[in-house]
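Numbers restart at 1 for each chain; the letters A, B, ... are given by sequence-line order, proteins then strands. Small disclaimer: the values here were computed from a predicted structure and weren't measured.
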2 protein chains.
Amino acid sequence: MHREEKNEMANTKKIDYAILGLLSHEPLTGYEIKQRMNTSLQMFWGASFGSIYPTLNILEKDGFVTSEDTSINARERISYTITTLGRKHLKEWLLIPVEKDEIRYETLLKLFFGTENGAIGTLKHIVAFEQKVNEKLEVLRASVTILEQSRDTEEEHLYYLLTAEFGVHTYEAYLKWCKVAKAELRKRGK
Amino acid sequence: MHREEKNEMANTKKIDYAILGLLSHEPLTGYEIKQRMNTSLQMFWGASFGSIYPTLNILEKDGFVTSEDTSINARERISYTITTLGRKHLKEWLLIPVEKDEIRYETLLKLFFGTENGAIGTLKHIVAFEQKVNEKLEVLRASVTILEQSRDTEEEHLYYLLTAEFGVHTYEAYLKWCKVAKAELRKRGK
DNA sequence: TGGCTCATGTAATCTGTTACATGATTCT
DNA sequence: AGAATCATGTAACAGATTACATGAGCCA
């Protein structure tokens with residue numbers, strides 16, 4: 001196993017860029033950032049409040065964002081806006097090659113060790129997986145339809161569209177695989 | 001945003017089960033476990049030495065594995081074997097529904113924020129992604145060919161095969177998407 | 001002899017989640 | 001009135017990586 005090579009400049013914290021990226025489109029509150037992570041970025045990125053709020057403070061201290069009180073009456077609201085410096089910081093990161101793409105699929109882990117569980121037990125996990133994928137695919141298809149209408153007028157939407165299309169391609173492949181896997185396991189499961 | 005509901009029994013550490021699962025097939029050293037993670041499990045799970053060795057010790061303390069000195073001359077080697085209790089522990093986990101499947105794709109993050117980087121810059125990330133996928137696909141296809149020959153005689157191989165086929169389906173979908181995305185961005189990039 | 005692979009392990013550190021704490025507003 | 005949502009934040013903890021430390025065996 002070759003020596004894990006030294007990471008020159010690598011492995012910067014990604015949440016900073018995820019947040020900066022979201023703010024590059026429009027000013028947002030921490031709460032709204034969390035919502036974006038749960039919807040638009042949901043399929044390939046996530047973060048909890050417990051990491052979003054502290055990161056926002058650090059980003060401000062570093063001069064990458066500015067904050068503004070946008071409270072409505074007594075309802076507290078702090079909107080963050082990206083600065084020129086923050087944009088530069090984001091752009092620099094966008095320029096460097098991708099360090100890591102990774103998936104952590106418990107479903108595949110349970111599948112890989114399927115012998116211990118048997119064909120029937122493993123089948124259940126695949127069926128559950130299939131159902132989740134079906135739900136997510138529906139949502140993605142809806143957003144593709146919407147984004148297609150504005151991809152030529154709003155530059156950002158082209159990139160959102162490509163991301164959503166990635167999801168559609170991927171999830172459709174998952175479903176095709178589910179069919180094959182289910183058939184194979186049903187043959188064994190008796 | 002609905003209250004994140006309380007996790008009754010959930011969110012057990014997964015590395016324990018990944019290791020127990022590998023040991024359910026055959027006794028292995030910590031070093032060999034790492035190798036499996038870098039090859040067979042590579043596409044959906046990973047771990048470093050810094051988490052494998054300590055976990056192995058805990059697993060032994062808990063009675064889920066036993067260790068045996070299998071040194072060759074002065075070359076230290078400690079092989080771990082799963083116990084009946086360990087098998088039971090693994091089986092119980094395999095029975096419960098999957099908690100989380102997640103992907104963390106930096107490539108998609110950089111794509112999503114493509115406006116800041118421009119079509120040409122974003123294209124580079126896709127080309128790099130495509131190349132990596134091509135390499136991995138080749139390896140996966142080779143293992144599918146091998147596993148197909150033994151899926152009916154060796155039960156475990158059926159599950160390895162299904163996992164590898166998942167990878168093939170997924171990666172083929174990625175490549176199809178790369179084509180579409182590249183074409184779209186090339187149209188913009190001038 | 002030098003470099004790679006085999007082999008184990010620990011300490012410092014990083015990153016992030018979970019659970020808690022608090023409170024306003026809106027919807028039914 | 002009560003539930004859900006909007007909204008911010010912190011402390012404790014979990015989980016894992018990275019870098020370091022150490023050394024044997026093998027191959028060119």
Side-chain angles (χ1 to χ4, degrees), chain A residues 1-19 27-39 41 45-61 65 67-80 99-100 102 104 106, chain B residues 1-19 27-39 41 45-61 65 67-80 99-100 102 104 106:
Chain A
M1 204 152 305
H2 62 81
R3 178 175 243 46
E4 330 267 324
E5 65 265 9
K6 261 167 209 166
N7 272 340
E8 309 282 323
M9 88 137 283
N11 253 55
T12 32
K13 226 185 351 170
K14 304 302 150 31
I15 194 183
D16 296 26
Y17 301 108
I19 291 179
L28 295 167
T29 67
Y31 191 83
E32 288 167 333
I33 286 169
K34 171 70 172 149
Q35 286 181 314
R36 297 291 188 286
M37 300 238 179
N38 287 163
T39 51
L41 306 195
W45 214 263
S48 63
F49 286 123
S51 68
I52 292 171
Y53 287 117
T55 301
L56 245 11
N57 285 322
I58 294 165
L59 250 24
E60 185 173 21
K61 222 180 47 205
V65 304
S67 67
E68 189 190 349
D69 188 318
T70 52
S71 297
I72 297 156
N73 304 325
R75 166 93 127 242
E76 203 183 357
R77 260 178 66 95
I78 306 169
S79 294
Y80 291 88
E99 285 158 19
K100 211 197 306 182
E102 72 172 339
R104 283 259 151 154
E106 249 184 71
Chain B
M1 203 151 309
H2 61 81
R3 177 174 244 46
E4 332 265 323
E5 64 267 7
K6 263 168 207 165
N7 273 338
E8 309 282 324
M9 87 136 284
N11 254 54
T12 31
K13 226 184 350 168
K14 304 302 150 32
I15 194 183
D16 296 26
Y17 301 108
I19 291 180
L28 296 167
T29 67
Y31 191 83
E32 288 167 333
I33 286 169
K34 172 69 171 148
Q35 285 180 314
R36 297 291 188 287
M37 301 238 178
N38 286 164
T39 52
L41 306 194
W45 214 262
S48 63
F49 284 123
S51 67
I52 291 171
Y53 286 117
T55 301
L56 245 10
N57 284 322
I58 293 164
L59 251 22
E60 185 175 21
K61 222 180 49 206
V65 304
S67 67
E68 189 190 348
D69 188 319
T70 52
S71 297
I72 297 157
N73 303 326
R75 168 92 129 242
E76 203 183 358
R77 258 178 68 93
I78 306 170
S79 294
Y80 291 87
E99 285 158 18
K100 211 197 307 178
E102 72 172 340
R104 284 260 149 153
E106 250 184 70

Apply side chain to side chain contact (heavy atoms under 4.5 Å, CB included) to residues B:Ile33 and B:Met37 and explain how you reach the verdict. CA-CA 6 Å; B:Ile33 286 169; B:Met37 301 238 178; 4.0 Å; yes

Walk me through it: do B:Lys14 and B:Glu99 pass the test side chain to side chain contact (heavy atoms under 4.5 Å, CB included)? CA-CA 10 Å; B:Lys14 304 302 150 32; B:Glu99 285 158 18; 3.4 Å; yes

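- Between the NZ atom of B:Lys100 and the P atom of C:dT18 there is a distance of 6 Å, rounded to whole Å.
- The side chain of A:Ser48 contributes an N or O atom lying less than 4.0 Å from OP1 or OP2 of C:dT17.
- The nearest heavy atom of DNA chain D to A:Ser51 and to A:Ile72 marks one nucleotide each, and the one closer to the 5' end goes with A:Ile72.
- Closest approach to the A:Asn57 side chain among D:dT10, C:dA24, D:dG25 is made by D:dT10 (side chain taken as heavy atoms from C-beta onward).
- For the pair A:Asn38 CG and D:dA7 P, the computed distance is 14 Å after rounding to whole Å.
- For B:Gln35 and C:dC6, the shortest distance from a side-chain N or O to OP1 or OP2 is below 4.0 Å.
- Of the candidate nucleotides D:dA16, C:dT8, C:dT17, C:dT17 has the atom nearest to the side chain of A:Ala47.
- Rounded to an integer number of Å, the gap from A:Leu59 CG to D:dG9 P is 14 Å.
- For the pair B:Arg75 CZ and D:dT22 P, the computed distance is 19 Å after rounding to whole Å.
- Within the 4.0 angstrom heavy-atom criterion, only backbone atoms of the sugar-phosphate kind lie near B:Gly30; the bases stay farther away.
- Here D:dT5 presents its P atom at 12 Å from CZ of A:Phe49, a figure rounded to the nearest Å.
- Nucleotide D:dA14 holds its C1' atom 12 Å from the CD1 atom of B:Ile58, rounded to whole Å.
- Between B:Tyr31 and C:dT8, a side-chain N or O to OP1/OP2 separation shorter than 4.0 Å is absent.
- Each of B:Ser79 and A:Asn73 has a nearest nucleotide on DNA chain C; the 5'-most of these lies closest to B:Ser79.
- A donor-acceptor contact shorter than 3.5 Å is absent between the side chain of B:Arg77 and the backbone of B:Glu68.
- Here B:Arg77 lies in heavy-atom contact (under 4.0 Å) with sugar-phosphate atoms only.
- At whole-Å resolution of the value, CD1 in A:Ile15 and P in C:dT15 are 11 Å apart.
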In sequence, state the C-alpha distance, the side-chain angles, and the governing distance for A:Tyr31 and A:Ile78, and then conclude on side chain to side chain contact (heavy atoms under 4.5 Å, CB included). CA-CA 9 Å; A:Tyr31 191 83; A:Ile78 306 169; over 6 Å; no

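- Taking the side chain of B:Ala74 as heavy atoms from C-beta on, and the options D:dG25, D:dT17, D:dT8, the nearest nucleotide is D:dG25.
- Although no hydrogens or angles enter the test, the distance criterion places a donor-acceptor pair under 3.5 Å between the side chain of B:Lys34 and the main chain of B:Ala47.
- Contact annotation: B:Thr29 side-chain N/O to C:dT8 OP1/OP2 distance is under 4.0 Å.
- In this structure, CD1 of A:Ile52 is placed 14 Å from C1' of C:dT15, rounded to the nearest angstrom.
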